[in-house]
Amino acid sequence: MKTPAGLQPLIDDGVIDAVLRPLKSGKEASVYVVRRGDEVLCAKVYKDMGQRSFQARVQYEEGRKLRGSRKTRAVGKASKFGRREQEAAWKNTEVDVLYQLFDAGLRVPKPVSYSNGVLLMELVCDAEGRSAPRLDDIDLDPEQARAMHAALIRDVVHMLSLGLIHGDLSGYNVLVDADGPVIIDFPQVVSATGNNSARAMLLRDVHNLRRSLGVYAPELKSQHFGEEMWALFEKGDLQPDHELTGNFVFDEHTADVDMVMWSIEDARQEALIRQQGREEAEAQD
């Protein structure tokens with residue numbers, strides 16, 4: 001295929017040898033299957049975001065710190081320099097977090113390198129060696145759904161124990177390889193201690209998983225792992241390998257307005273993503 005402009009510098013520098021095919025395209029980035037020597041890898045080319053997208057990111061970026069007071073002031077003023085720095089920080093966050101999570105033993109794609117605004121990483125494949133499907137695109141039996149849910153909850157707990165929340169976790173951002181689920185896409189990762197919406201984002205992530213997998217294992221719909229792990233985290237009792245029960249006693253006197261608003265926004269975003277996927281599929285036919 002014709003080499004995309006974003007990948008040409010990697011060809012020129014000898015980082016990769018060829019671009020084999022497009023894999024997916026989303027709001028934040030386009031992903032391609034590439035070859036480096038005998039290896040087949042995945043290249044994530046980030047798209048430049050406009051001012052509107054930056055405003056939508058504010059809720060995620062709360063609690064993140066930029067290096068240097070000049071950069072912080074520029075971002076606060078929304079100058080051209082500030083927007084460039086904010087864009088760079090958005091990309092660097094995913095790269096840094098991916099290395100951190102992989103080193104911690106979570107099931108995420110193995111990062112290979114980051115250069116010229118392109119993240120090079122492992123291509124996650126299924127048992128037949130094909131690009132792994134998304135969780136939302138496969139059918140499961142009840143036992144498989146329970147196993148998938150347990151594995152994902154373990155990784156969400158591990159992330160939270162590291163002070164991190166995915167922030168956009170759903171069946172759309174989980175791939176399924178021969179060994180189970182693999183979590184992807186981390187540019188919007190949230191600081192669990194520095195973001196006022198951290199709890200709402202965590203609950204949205206966990207509830208998204210519960211909704212996707214509860215279709216196959218209905219008992220999951222009555223479990224409350226998100227609330228349980230957040231309560232433990234707040235008390236400082238959450239450990240990376242903490243075994244949760246899914247049981248939680250609610251305070252019925254407090255309305256969770258944040259969670260309601262996040263659920264509405266999540267449904268809107270999911271509808272947009274699915275529409276984008278349909279348009280891309282039609283364009284390729």
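Everything quoted here is computed from the prediction, not taken from an experiment.
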Linking I/L/V/M/F/W/Y whenever their side-chain heavy atoms sit closer than 4.5 Å, directly or via other members, would Leu135 and Leu220 fall into one cluster? yes
Using the rule given for side chain to side chain contact (heavy atoms under 4.5 Å, CB included), can you reason through Val45 versus Val31, listing the C-alpha separation, both sets of side-chain angles and the distance that settles it, and then say yes or no? CA-CA 6 Å; Val45 183; Val31 183; over 6 Å; no
Check the pair Lys110 / Met121 against side chain to side chain contact (heavy atoms under 4.5 Å, CB included), numbers first and verdict last. CA-CA 6 Å; Lys110 180 182 179 179; Met121 54 188 162; over 6 Å; no
Lys44/Asp185 ion pair, N-O < 4.0 Å: yes
Examine distances only and state if a side-chain atom of Arg154 and a backbone atom of Asp241 form a donor-acceptor pair shorter than 3.5 Å. no
Say you draw a straight line from NZ of Lys24 to OH of Tyr32; how long is it, rounded to the nearest 0.5 Å? 13.0 Å
Those residues at least two apart in sequence (or on a different chain) that pass salt bridge (Lys or Arg N to Asp or Glu O under 4.0 Å) with Arg134 are Asp137
Using distance alone, with no hydrogens and no angle criterion, decide if Asp136 and Ser212 have a side-chain donor and acceptor under 3.5 Å apart. yes
In Å and rounded to the nearest 0.5 Å, what is the CG to CG distance from Leu169 to Asp205? 4.5 Å
Kindly indicate, with the supporting measurements, whether the criterion side chain to side chain contact (heavy atoms under 4.5 Å, CB included) is fulfilled by Leu140 and Met148. CA-CA 9 Å; Leu140 302 167; Met148 292 275 185; 4.2 Å; yes
Judged by atom type as modelled, is there a donor-acceptor pair below 3.5 Å linking the side chain of Glu94 to the main-chain atoms of Phe186? yes
Phe233, Val206: one ILVMFWY side-chain cluster at the under-4.5 Å cut-off? yes
Please report the closest heavy-atom contact between Ala217 and Pro142, naming both atoms and the distance. CB-O, 4.1 Å
Val156 vs His166 side-chain heavy atoms within contact, under 4.5 Å: no
Once rounded to the nearest 0.5 Å, what's the spacing between atom CD1 of Ile138 and atom CD of Gln144? 7.5 Å
Would you indicate whether the side-chain heavy atoms of Thr245 and Glu228 approach each other to under 4.5 Å? yes
Is it true that Ser161 and Gln239 share a donor-acceptor pair across their side chains at a distance under 3.5 Å? no
When you check the gap from the basic side-chain N to the acidic O, do Glu227 and Arg199 get nearer than 4.0 Å? no
Distance-minimising heavy-atom pair for Val34 and Ala43: CG1-CB, 3.8 Å
What one should report as the nearest heavy-atom pair of Leu162 and Ala104 is CD1-CB, 4.1 Å
Under 3.5 Å, which donor-acceptor pairs do the side chains of residues 6-21 form with other protein atoms, sequence neighbours left out?
from, atom 1, to, atom 2, distance (Å)
Gln8, NE2, Asp12, OD1, 2.8
Asp17, OD2, Gly37, N, 2.5
Arg21, NH2, Ser131, OG, 2.7

Provide the closest heavy-atom pair for Ala231 versus Phe248 in the form atom of the first, atom of the second, distance. CB-CE1, 3.9 Å
Distance, nearest 0.5 Å, that separates OG of Ser222 from CG of Asn247: 8.5 Å
Are Cys125 and Arg130 close enough, and set up right, to give a side chain to side chain contact (heavy atoms under 4.5 Å, CB included), and what steps lead you there? CA-CA 5 Å; Cys125 296; Arg130 298 170 299 197; over 6 Å; no
Heavy-atom closest contact (Gly214 atom, Lys221 atom, distance): O-CE, 3.3 Å
For a quick test of your reading: what N or O donor-acceptor pairs under 3.5 Å do the side chains of residues 173-184 make, sequence neighbours left out?
from, atom 1, to, atom 2, distance (Å)
Asn173, ND2, Asp168, O, 2.6
Asn173, ND2, Asp168, OD2, 3.4
Asp177, OD1, Arg107, NH1, 3.2
Asp177, OD1, Arg107, NH2, 3.4
Asp177, OD1, Asp179, N, 2.8
Asp177, OD1, Gly180, N, 3.0
Asp177, OD2, Arg107, NH2, 2.8

If you round to the nearest 0.5 Å, how far is OG of Ser170 from NE2 of His207? 14.5 Å
Rounded distance [0.5 Å steps], CG in Leu101 versus CG in Asp155: 8.5 Å
Using the rule side chain to side chain contact (heavy atoms under 4.5 Å, CB included), only one of Leu23, Val33, Leu120 pairs with Cys42; which is it? Leu23
For residues Val124 and Tyr172: do they belong to one hydrophobic cluster (side chain heavy atoms under 4.5 Å, members Ile, Leu, Val, Met, Phe, Trp, Tyr)? no
